[in-house]
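So the structure is just underneath, and the comments pick up after that.
Since the structure is predicted, the reported quantities are computational estimates derived from the model, not experimental observations. Just so we're on the same page: letters track the sequence lines, and every chain starts at 1.
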There are 2 protein chains.
Amino acid sequence: MAETRWLDDAEQRAWRGYLRMNTVLGAALSRQLQVDSTLSLPDFEVLVHLTDVEDERLRVSELARVMRWEKSRLSHQVTRMERRGLVAREECLSDGRGAFVVLTGAGRDAIEAAAPAHVDAVRRLFFDAITADDVDALAGISQRVIARVEANDVCPS
Amino acid sequence: MAETRWLDDAEQRAWRGYLRMNTVLGAALSRQLQVDSTLSLPDFEVLVHLTDVEDERLRVSELARVMRWEKSRLSHQVTRMERRGLVAREECLSDGRGAFVVLTGAGRDAIEAAAPAHVDAVRRLFFDAITADDVDALAGISQRVIARVEANDVCPS
DNA sequence: CCAACTTGGATGACGTGTCAACTATTCCGT
DNA sequence: ACGGAATAGTTGACACGTCATCCAAGTTGG
């Protein structure tokens with residue numbers, strides 16, 4: 001490998017800014033959820049995907065796939081959520097190995113209560129701070145970076 | 001609160017893209033470090049700040065301040081790094097409560113070995129994927145969002 | 001049919017982060 | 001000088017993520 005090319009001034013500004021935006025925005029949104037609701041950000045994501053489907057139930061592996069989570073991560077998360085009654089596990093009759101994750105009434109209540117304030121926070125803290133051009137620019141940047149990273153990874157999906 | 005205004009199409013694209021860029025880029029960079037070095041991303045950050053100062057030593061609270069980490073978080077991190085010999089704690093003579101975090105030889109070796117590949121990864125996965133205009137746009141977006149979030153928080157810094 | 005392989009999922013160990021509680025020192029007003 | 005408040009730092013409990021491992025149930029080739 002040739003000698004390392006370090007970041008120039010503009011790049012440093014952008015990189016540090018990006019990192020810091022991530023941390024402060026992520027922290028603010030997750031704190032907002034914890035304060036205004038009974039849900040964490042990971043809880044919220046799981047419940048969003050469950051409410052999105054017909055029967056409010058999904059096979060564990062299918063849920064992991066659409067969320068792009070590792071099976072193990074989802075399994076741990078479901079264990080924690082099950083303990084609090086937000087979801088339930090149910091066995092799959094047609095495949096003895098399989099399991100469903102099922103939305104419970106408490107889970108539905110929780111996300112319905114939490115969603116409006118969360119969306120408001122995203123709008124208030126993010127979209128209200130930037131212009132329509134910024135929105136498009138960011139969408140483009142994201143797509144290009146994602147493509148680059150995934151081309152770099154072993155990416156057999 | 002009036003009824004919630006949900007995200008429109010362009011906003012959804014930008015938001016999902018942004019979130020996904022965060023996760024894939026963060027995962028790729030932290031995996032790169034773990035594979036090519038003996039350091040994690042948090043290890044790396046701590047060591048960067050220690051190598052940045054004159055004596056390669058900082059008071060715990062000063063280090064926490066410049067990194068914008070909670071004291072508690074830093075204390076846990078230092079405990080783990082101390083266990084691996086990357087840093088050491090030293091008591092402060094002029095203030096009986098205080099403590100220094102000191103870079104060790106092993107810590108210096110570790111970050112010198114890890115830094116080039118990490119910077120290369122940032123360039124390759126991020127800056128090589130976007131244009132100079134994108135860099136400036138992102139810096140601007142970040143600044144505005146950070147300002148907005150910090151205005152929203154209780155922000156007595 | 002059955003042994004090898006694959007797949008779905010759970011689990012345990014450990015690193016990381018937050019929050020709340022705690023200890024020990026220093027500071028400060030009277 | 002002394003008692004209460006602020007400060008420095010650690011600790012423990014718990015949530016979250018990753019990795020490696022394990023197990024049970026399905027699949028498949030001979």
Side-chain angles (χ1 to χ4, degrees), chain A residues 22-24 26-35 37-46 57-84 86-102 153 156, chain B residues 22-24 26-35 37-46 57-84 86-102 153 156:
Chain A
N22 272 4
T23 61
V24 302
L29 292 178
S30 90
R31 229 160 43 73
Q32 176 273 319
L33 260 188
Q34 309 230 283
V35 167
S37 82
T38 60
L39 299 177
S40 67
L41 220 34
D43 295 338
F44 189 87
E45 291 177 58
V46 168
R57 84 175 41 219
L58 276 174
R59 284 291 291 272
V60 172
S61 51
E62 179 62 10
L63 183 51
R65 200 182 57 72
V66 298
M67 297 186 71
R68 307 185 195 238
W69 280 18
E70 290 187 14
K71 294 179 310 173
S72 160
R73 178 183 180 184
L74 181 56
S75 185
H76 282 303
Q77 182 67 30
V78 167
T79 299
R80 288 186 297 262
M81 293 177 72
E82 194 178 16
R83 207 183 295 142
R84 290 189 295 142
L86 298 170
V87 298
R89 277 190 238 250
E90 259 179 47
E91 50 181 281
C92 175
L93 300 179
S94 64
D95 185 338
R97 298 164 300 183
F100 287 98
V101 186
V102 189
D153 283 354
Chain B
N22 270 5
T23 61
V24 301
L29 291 178
S30 91
R31 229 161 42 74
Q32 176 274 320
L33 260 187
Q34 308 229 286
V35 167
S37 82
T38 60
L39 300 177
S40 68
L41 221 35
D43 296 337
F44 189 88
E45 290 177 59
V46 169
R57 84 175 40 219
L58 277 174
R59 284 290 292 272
V60 171
S61 51
E62 178 62 9
L63 183 51
R65 199 182 55 72
V66 299
M67 298 186 69
R68 310 190 197 233
W69 279 20
E70 290 188 16
K71 296 179 309 176
S72 161
R73 176 184 180 182
L74 182 56
S75 186
H76 283 301
Q77 182 67 30
V78 167
T79 299
R80 288 185 299 260
M81 293 177 73
E82 196 179 15
R83 208 182 293 143
R84 289 189 294 144
L86 298 170
V87 299
R89 276 189 238 252
E90 259 179 47
E91 51 181 283
C92 175
L93 300 177
S94 65
D95 185 337
R97 298 164 300 184
F100 287 98
V101 185
V102 190
D153 284 352

Would you mind reading off the distance between A/Arg65 atom CZ and C/dT7 atom P, rounded to a whole angstrom? 15 Å
What about B/Arg97: does its side chain form a donor-acceptor pair under 3.5 Å with the base of C/dT26? no
Where A/Phe100 and A/Glu91 come nearest, the two heavy atoms and their spacing: CD1-O, 4.0 Å
Kindly give the heavy-atom pair with the smallest separation between A/Ser75 and A/Arg89, and that separation in Å. O-NH2, 3.6 Å
Could you encode protein contacts along nucleotides 10-20 of chain C as a string, one character per nucleotide from 5' to 3', using B for base contact, S for sugar-phosphate-only contact and - for no contact, with a heavy-atom cut-off of under 4.0 Å? BBBB-SBSBBB
If you look at every heavy atom in B/Val60 and B/Leu74, which pair is closest and at what distance? O-CD2, 3.3 Å
Report yes if some heavy atom in the side chain of A/Met81 is under 4.5 Å from a heavy atom in the side chain of A/Val101; otherwise report no. no
Is a donor from one side chain sitting under 3.5 angstrom from an acceptor on the other, for A/Arg80 and A/Gln77? yes
B/Leu33 side, atom CG; B/Asp43 side, atom CG - distance, nearest 0.5 Å: 8.5 Å
Answer whether the closest heavy-atom distance between the side chains of A/Val46 and A/Met67 falls below 4.5 Å. yes
Range on DNA chain D touched by chain A, heavy atoms, distance below 4.0 Å: D/dA15 to D/dG26
Any idea which heavy atoms bring B/Cys92 and B/Ala99 closest together, and the distance? CB-N, 4.2 Å
